[in-house]
Amino acid sequence: MTINPDDLYKFQEDNGYFKPNSESGKPTFTIMIPPPNITGQLHLGHAFTMTMQDIIIRYKRMVGFDCLLLPGTDHAAIATQMIVEKQLAEKGIYRREIGRAKFLDYVWQWKAECAGNITKQLRRLGYSSDWSRERFTMDDGMSDAVKEAFVRLYNDGLIYKAKRLVNWDPVMLTSVSDLEVLMKETAGSMWHIRYDIDGSDESIIVATTRPETMLGDSGVAVNPNDERFKHLIGKKAILPIIGRKIEIVGDDYADMTKGTGAVKITPAHDFNDFEVGKRHNLPVMNIFTETAKIDVKNIPDANDFVRSLDGMDRFEARKVIVEKLQELGNLVKIEPYTHQVPHAERGGAVIEPRLTEQWYCDVSEMAKKAIEFVKTGKIKFVPKMWENTFFSWLENIQPWCISRQLWWGHQIPAYYTDDGKIFVAKSLEEAQKMAGDGVHLTQDEDSLDTWFSSGLWPMSTLGWPNVEAPDYKHYFPTSTLITGFDIIFFWVARMIMMSIYFTGKAPFDTVVLHGLVRDEHGQKMSKTKGNVINPLELIDEFGIDAVRWTICTLSGQGRDMNFGRSLVENGRKFITKLRNAVNFWEQKGVKDAIVFDKTKSVASTNWILDKMNSAIDVAKNAIENYRYDEYAQTLYHFVWDDFCDNFIELSKSEIDGENGAIILATAKVVIQNILKMLQPVIPFVSAELYEELGFGRACDFIHESYAEKVQIDTSNTSDIDWMLSVISAIRNVRAENKIGFKTLLNIAFKSMPEGAKSYIDIIANHTNTKLSDESSDMISVVVDEATTVLIALPSANKDEAISKAKIELQEVEKRILSLEAQIAKMEGKAPAQVIEDRRKSLSDAMAKKSQLTEIIGG
RNA sequence: GGGUGUAUAGCUCAGUUGGCUAGAGCGUUACGUUGACAUCGUAGAGGUCGGUGGUUCGAGCCCACUUACACCCACCA
């Protein structure tokens, strides 16, 4: 019988298996989904983030927490608006033509479709979240929280409006924050232009990468300490083409080593120039339209040539102006020049600094608090190194430009009277009350940065600003945030700041950051490279459990993760191995095994229980520390090596004997615990096997208790380790056909620990059939893996054995010398235990040496 | 320019506070098995732990310098 994961998931979802129970009295453990953007499909990175969360949540459920995993999606203002605009444009529909309301209808349509897709995909991942609490960053509750936050911050004086230079996206026609600007190395040119000095035959040469901005030049800056230009400070330069007289100012901003040492100042189109202009009271001339085309109406001294440029694109204008400068003889030099040019993160347009009025949020105090919370350990980053990144950003934080000229998003809750008075309120009604009856109010057209609402996510999803909301009271603050490091500033920092500001509490106590998912050779996945892996295709091909297992094995230290199909194949192999192992025990009747009684044991059952106990310890410790890789590895080795390769193999010889019942009962317990440890990672296969073996219904497995250790007598477990090594040696020797079984056993018996002698029959049983017809008067070597080499020397291969022994003897002697030297040096300096260990190694080596000598000599 | 991370076997990576002869998976070689195993098992080969110097009884791990790669922040002269 196999269980379809999607069916099991649906059944569990429909019957509330993923819902928390605040009445349970258990401690809470809460994870908020980093809401995926409604811009398309989930990618592999999402699959990692979500699986990591789900593993923790499923684990915590089993160890006794009341767990809430809250799902949702993000409206992703600019990205979504861009996608919908593009789609509509393909149909010949344009945003500006249909107007805001109509356009938003289209976006909501898209949202419904896209969010539906995403949530479907999350379900396929096995994401055990409470869907009844699903949220969207623009749903009513969220909108209310956003307005509340805005109004409060405004009333507290932290949100304000200001006219400043912003990063302007001339394609999307909106401001973007500093974080949304990507600097891209771009090949360009450096143009050296000569500006003549007014009333003198001197001239000054400025270098620029953007000659077109000279139309807005209102000064030239030189360094006041620069001997070359010092005497020009206070004089005027004549702007070529226009003839405008602009001031030459002395300012430290001018770097004597860069360019020509003289820099043209265009306050309206460069952040640094803007500052210089302010310091020297230089006029600000905005020469571009919002689409970055030349705008002549702001150039008071425009001549015919300049007027001919009106409406021309900035890059086209650049060419024309350069030609003109050349014609006029003012162009001194053109050098090829590679520099960093700002591009919009979304859409990729070249950013144009632009003087506009925008809303800002002063986050400097919040940033200080956020730093303090992390420094005092109220919030912990995993891995810790990210704390430094976090600090360095917050320490240099700038006012946050929160307004966007987009339609899709939270419209800013500010209302204007016709004469420009501002009322900030949660609704028009409230604003109206403030403004007085009969005053005409219009709402601000702008919307808020997406991250303003996501910054409130951990609170608003639980009911904030209603601090009496049951969910808020019970589940806030949340426990762990798991997300990619790339949104540490955008999102993590904002959530921390907002939460502390509004609630005084950290929104979560732990932030787990993972790296980028790359292909199996560490290359970034990209469409152009064609190495993108679609998680859904993987699920179709390998099954969700194999995919989740693979994700678990790769999620460890917060580094980038290399993901390849072959790894998922390995995951599938592991799951097959597990199924087969269970199958073996089923055939032996494990389902009807007697009740496990820890007082009834044999060596092999104690041994496997001992291994299981330590696996449980290691695994729990690993997962508690978000070491998914270690968790998976521990289980992998326990299941494959200990349980399958050894325990099953050992049991084969005993299962039909008098101890069969004990072995079966033990196997049952071990399997149950294995499945429990695997449930968080491979919930579907484990649940299926759980039901198959009669432990209970598959759907209920999610609420089982976690694996627990079994107290056992461990005094004889090392004998089994010894025995296993003998068995493997026998197999190997048999493979080499060099020794008879009886001879071998005799030798083995001589070196066997007392306690192990009683198991000699097991060895005989286990190996007998395979060795019975080997000729027994032969030769050679059995390795006791612990320390020694046992060597038998029947005549035929004597020489070979001796020469092998000689080689080994050399190594042993070297080792003895080295150990002796070490011990001598350590004397009185190293801890006693370490010296003791060395002494033991030494005596083992000595023993080996005497054995080898005997062989060689005899 | 400022910062962070990484460098360990052919490949992808573990290696926790310094402690015995540095590990895993894949790949590879040999042999065996196909009676739980869509295979599996056993064994072997393969590493001067990027380099140099230092601290230490002892360094893959700590310190200094250095090389290469990746990423982040700042920067349109």
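Note on naming: letters A, B, ... go to the chains in the order of the sequence lines (proteins, then strands), and numbering restarts at 1 for each one.
For the pair A:Arg494 and A:Trp400, the cation-pi criterion (under 6.0 Å, within 45° of the ring axis) is fulfilled.
Base-pair partner of B:rA68: B:rU6 (Watson-Crick or G-U wobble, both distances under 3.5 Å). With both pairing distances under 3.5 Å, B:rC11 is matched to B:rG25 as a Watson-Crick or G-U wobble pair. In this structure B:rG1 sits in a base pair with B:rC73, meeting the Watson-Crick or G-U test at under 3.5 Å. Nucleotide B:rC62 is matched to B:rG54 when pairs are restricted to Watson-Crick or G-U wobble geometry with both distances under 3.5 angstrom. Of the nucleotides present, B:rA30 is the one that pairs with B:rU42 by Watson-Crick or G-U wobble criteria, both distances under 3.5 Å.
Taking atom C1' in both B:rU12 and B:rG46, the straight-line distance is 16 Å, to the nearest Å. Of the P atoms belonging to B:rC40 and B:rG35, the separation is 15 Å, rounded to the nearest Å. Comparing B:rG10 with B:rU21, their C1' atoms sit 23 Å apart, to the nearest whole Å. Using C1' as the reference atom, B:rU56 and B:rA45 are 35 Å apart when rounded to the nearest Å. Going from the P atom of B:rC26 to that of B:rG41 covers 9 Å, rounded to whole Å. B:rU66 and B:rG1 are spaced 14 Å apart, taking the P atom of each and rounding to whole Å. Nucleotides B:rU8 and B:rA68 are separated by 16 Å at their C1' atoms, to the nearest Å. With both ends at atom P, the span from B:rG23 to B:rG44 equals 12 Å, rounded to whole Å.
Of the side-chain N and O atoms in A:Asn272, one or more sit less than 4.0 angstrom from OP1 or OP2 of B:rC76. Remark: A:Trp640 is not in phosphate contact with B:rG25, judged by side-chain N or O atoms under 4.0 Å from OP1 or OP2.
Here the C1' atom of nucleotide B:rA24 and the OH atom of A:Tyr636 are 9 Å apart, to the nearest Å. Between the CG atom of A:Leu182 and the C1' atom of B:rC71 there is a distance of 13 Å, rounded to whole Å. Atom CG in A:Leu689 sits about 16 Å away from atom P in B:rC37, given to the nearest Å. As a whole-Å value, the separation of A:Tyr631 OH from B:rG25 C1' is 20 Å. Across the protein-nucleic acid pair, A:Asp273 atom CG and B:rC75 atom C1' stand 13 Å apart, rounded to whole Å. Distance, A:Leu819 CG to B:rC20 P: 11 Å, rounded to whole Å. Regarding A:Ile623, its CD1 atom lies at a distance of 19 Å from the P atom of B:rU16, rounded to whole Å. Rounded to whole Å, the distance from CZ on A:Phe485 to P on B:rC72 is 7 Å.
Between A:Tyr628 and A:Trp549, a ring centre-to-centre spacing not shorter than 6.0 Å is recorded. Checked against the 6.0 Å centroid criterion, the rings of A:Phe390 and A:Trp386 do not qualify as a close aromatic pair. Residues A:Phe485 and A:His514 place their aromatic rings such that the two centres sit no closer than 6.0 Å.
A donor-acceptor contact shorter than 3.5 Å links the side chain of A:Asn223 to the backbone of A:Asn225. Looking only at distances, no side-chain donor or acceptor of A:Asp251 sits under 3.5 Å from a matching main-chain atom of A:Val222. Using modelled atom types, one side-chain atom of A:Thr208 and one backbone atom of A:Arg210 make a donor-acceptor pair closer than 3.5 Å.
Counting only heavy atoms from C-beta on, A:Arg815 has its side chain closest to B:rC20 among B:rC20, B:rC76, B:rA70. For A:Lys524, taking side-chain heavy atoms from C-beta onward, the closest of the listed nucleotides B:rC37, B:rC71, B:rC76 is B:rC71. Of the candidate nucleotides B:rU42, B:rC71, B:rC76, B:rU42 has the atom nearest to the side chain of A:Asp645. For A:Lys573, whose side chain is taken as the heavy atoms from C-beta onward, the closest listed nucleotide among B:rU21, B:rC76, B:rC40 is B:rC40. Nearest nucleotide to the A:Arg579 side chain, out of B:rA14, B:rC71, B:rA38: B:rA38.
In this structure, A:Asp519 and A:Asn562 have side chains that are not in contact, with every pair of non-hydrogen atoms separated by 4.5 Å or more.
A side chain to side chain contact (heavy atoms under 4.5 Å, CB included) with A:Val220 holds for exactly one of A:Val206, A:Val263, A:Leu232; it is A:Val206. Tested against A:Trp191, the residues A:Arg318, A:Glu335, A:Lys333 include a single side chain to side chain contact (heavy atoms under 4.5 Å, CB included) partner, A:Arg318.
Contacts of A:Tyr253 with the nucleic acid, taken as non-hydrogen atoms under 4.0 Å apart, include base atoms. Nucleic acid contact class of A:Ile351 (heavy atoms, under 4.0 Å, all strands): base. Using a 4.0 Å heavy-atom distance criterion, A:Tyr337 is classed as a sugar-phosphate-only contact. Looking at heavy-atom distances under 4.0 Å, A:Ala254 makes contact with a base. Within 4.0 Å (heavy atoms only), A:Glu586 reaches no atom of the nucleic acid at all. Contact annotation for A:His637: backbone-only contact, meaning every heavy-atom pair under 4.0 Å involves sugar-phosphate atoms and none involves a base. Note on A:Val834: a base of the nucleic acid sits closer than 4.0 angstrom, heavy atoms only. Within the nucleic acid shown, A:Arg518 comes within 4.0 Å of sugar-phosphate atoms alone, with no base atom in reach, counting heavy atoms only.
Classified by interplanar angle (parallel below 30°, tilted 30° to 60°, perpendicular above 60°), the ring pair A:Phe489/A:Trp393 is parallel.
Comparing A:Asn621 and A:Lys258 by the nucleotide of RNA chain B whose heavy atom lies nearest to each, the residue mapping closer to the 5' end is A:Asn621.
There is no side-chain donor-acceptor pair under 3.5 Å between A:Thr553 and A:Asp629.
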Close N or O pairs between protein and nucleotides 3-12 of chain B (under 3.5 Å):
unit_1	atom_1	unit_2	atom_2	d
B:rU12	O3'	A:Asn562	ND2	2.5

Distances under 3.5 Å between protein N/O atoms and the N/O atoms of nucleotides 56-60 of chain B, please, pair by pair.
unit_1	atom_1	unit_2	atom_2	d
B:rC57	O4'	A:Lys825	O	3.2

Derivation and outcome, side chain to side chain contact (heavy atoms under 4.5 Å, CB included), residues A:Asp837 and A:Gln833
CA-CA 6 Å; A:Asp837 290 349; A:Gln833 184 59 49; 3.0 Å; yes

